[in-house]
Asks: 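Pasting in a structure now, in structure tokens, and then I'll have a few things to ask.
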Amino acid sequence: QSYVEYLEGRSPKPHRTTIRNVHLAVEGLKAAGVTSLTSKAFPQQVGRWLRSMSLSHIRGTDAPAASTKRRYFSHVRALVNHAIRNGWMQRDPLAGVVKAPVATETAKEVFTLEEIRDIAAQQDVSNPRWVWVMLMTLSGLRRAEACALQWDDINWQARVIRVRKGKGNKRRTVYMMDELHDLLMGIGGPKAKSPRLGPVVEKKKGFGCDSWAAFRHVLKAAEVEADKGTDPTTGLPLRLSPHSCRHTFAALMLATGVDGSDLQMTMGHSADDLTKFYSQQRDLYRRQAGTWEPGQFQVMPRSKAASG
């Protein structure tokens, strides 16, 4: 409770997800038998909690990914640091506890071209869920970036999106492909019946932006199955997630000939060259290139493309 009050004191409106995750971490520790942070058994109990972690609040997930375990461990680490700062603990009981390792390889599931067409065919511009998924798929924006996008972040003449606060508080510019430009122009651009202000993805009652439920709602409407089985090579589960929209954009751009280092700048990715990360997905789209429409999925503005 003291740590939650500390978070609230640092920010007038702390992120609700952070507070929720702190409580979930504490509940998980209690379920693992933790009764005191100063107990000699505390390090072993934390390690057991990480190994056996099961997050029932994540629908369909029995074994959380390593990144999820690292995130929850960081909340426990913050709790311990808070106790040390206040003089309630004299030593760091987590000094010898190893958090979940970084996964060296993950399954990057992407939409097939047919699935992209099925979702696009819904043309449900009044549904913020559909707009959110299409925005991520056709721009490579992260989930939170798409939710935070404002209409005045779009430069219609230059056909670019300005990401003002990306991952790590970094800014970047994203060129809009023709499909995304036409979609957004029709919804709230200068030529729309009623040009809009505020967020591109409207906040409506009963709609939680950046959620699994919103993503699955769109897939269900388009009759697209989220679960794809298991990767025969890595043994990892193949499951479409909101981040699959970003993977789809990256693979599409590489398939159309965009250089990997250029794509890295567009996506705000830490890797120098994304080609090696998405080679399998890129090749999937290249094999389906015969079904593409002329000029489909091009990020260069039409005026520049026409001039060479």
Side-chain angles (χ1 to χ4, degrees), residues 7-8 10-21 111 116 119-222 241-250 265-269 297 299 301-303:
L7 292 177
E8 293 173 341
R10 289 182 58 187
S11 173
K13 189 177 180 181
H15 202 292
R16 287 181 300 174
T17 302
T18 301
I19 302 297
R20 173 172 171 265
N21 287 345
F111 292 111
I116 296 175
I119 294 173
Q122 299 298 308
Q123 286 292 321
D124 194 359
V125 296
S126 62
N127 184 352
R129 300 179 179 91
W130 181 83
V131 174
W132 176 58
V133 170
M134 290 299 297
L135 178 59
M136 291 189 294
T137 305
L138 299 179
S139 69
L141 295 182
R142 296 180 176 90
R143 297 162 59 174
E145 293 170 349
C147 289
L149 184 67
Q150 303 285 312
W151 285 107
D152 59 5
D153 292 332
I154 302 174
N155 185 324
W156 298 103
Q157 185 174 0
R159 300 168 69 95
V160 298
I161 291 173
R162 294 186 298 269
V163 179
R164 300 183 185 274
K165 191 176 181 181
K167 189 175 182 178
N169 290 325
K170 295 179 181 178
R171 298 187 176 189
R172 71 180 191 278
T173 299
V174 178
Y175 278 101
M176 288 191 288
M177 62 174 66
D178 295 338
E179 290 86 352
L180 179 60
H181 177 271
D182 296 343
L183 170 64
L184 295 180
M185 181 68 79
I187 295 175
K191 297 181 180 180
K193 292 182 179 180
S194 55
R196 300 182 183 180
L197 299 174
V200 174
V201 181
E202 291 185 337
K203 307 298 187 294
K204 291 188 176 182
K205 186 177 181 180
F207 164 64
C209 190
D210 188 18
S211 70
W212 265 87
F215 178 73
R216 287 183 176 272
H217 176 89
V218 175
L219 264 58
K220 184 178 180 180
S241 69
H243 207 65
S244 296
C245 300
R246 183 170 163 85
H247 294 322
T248 296
F249 174 81
M265 297 179 63
T266 299
M267 298 187 66
H269 206 287
F297 305 126
V299 293
R302 290 189 180 105
S303 58

Asks: Measuring from atom CG of L184 to atom CZ of R159, what distance do you get when rounded to the nearest 0.5 angstrom?
Replies: 11.0 Å
Asks: Kindly compute the distance separating OG1 (T266) from CG (L141), expressed to the nearest 0.5 Å.
Replies: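 Result: 11.0 Å between the selected atoms.
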Asks: Taking atom CG of D153 and atom OG1 of T173, what is their separation to the nearest 0.5 Å?
Replies: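 The CG atom of D153 sits 10.5 Å away from the OG1 atom of T173.
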Asks: Taking 4.0 angstrom as the limit, do D152 and R162 come out as a salt bridge?
Replies: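 So D152 does not pair with R162 through a salt bridge.
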Asks: For M136 versus A146, what's the shortest heavy-atom pair and its separation?
Replies: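 Shortest heavy-atom separation between M136 and A146 comes out as CG-CB, 3.7 Å.
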Asks: Side chains of M265 and R172, heavy atoms from C-beta outward: is any pair under 4.5 Å?
Replies: no
Asks: For F111 versus I119, what's the shortest heavy-atom pair and its separation?
Replies: CE2-CD1, 3.7 Å
Asks: Between A214 and W132, which heavy-atom pair has the shortest distance, and what is it?
Replies: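 Closest heavy-atom pair between A214 and W132: CB-CZ3, 3.9 Å.
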Asks: Parallel, tilted or perpendicular: which one describes the rings of H181 and W156, with boundaries at 30° and 60°?
Replies: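 It falls in the perpendicular class, over 60°.
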Asks: Does L183 reach the side chain of L135, with side-chain heavy atoms less than 4.5 Å apart?
Replies: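 L183 vs L135: side chains apart.
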Asks: May I ask you to test the Q122-N127 pair for a side-chain heavy-atom distance under 4.5 Å?
Replies: no
Asks: Starting at CE of M267, measure out to CD of E145 and round the result to the nearest 0.5 Å.
Replies: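 Reported value, rounded in 0.5 Å steps: 9.5 Å.
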Asks: If you compare all heavy atoms of T137 against all heavy atoms of V133, which two are closest, and at what distance to 0.1 Å?
Replies: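 Looking at all heavy atoms of both residues, the shortest contact is OG1-O, 2.8 Å.
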Asks: Minimum heavy-atom separation for A120 and W130, please, with both atom names.
Replies: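 Here A120 and W130 meet closest at O-CZ2, 3.6 Å.
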Asks: Hey, what do you get for SG (C245) to CZ (F215), rounding to the nearest 0.5 Å?
Replies: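 Answer rounded to 0.5 Å: 5.0 Å.
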Asks: Using a 4.5 Å cut-off on heavy atoms from C-beta on, say whether the side chain of I161 contacts that of L180.
Replies: yes
Asks: Rounded to the nearest 0.5 Å, how far does NE2 of H217 lie from CG of D124?
Replies: 7.5 Å
Asks: Measure across P242 and R143 and return the closest heavy-atom pair with its distance rounded to 0.1 Å.
Replies: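 Of all heavy-atom pairs spanning P242 and R143, the closest is CB-CD, 3.6 Å.
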Asks: Just wondering, do C147 and L149 contact through their side chains at under 4.5 Å, heavy atoms?
Replies: no
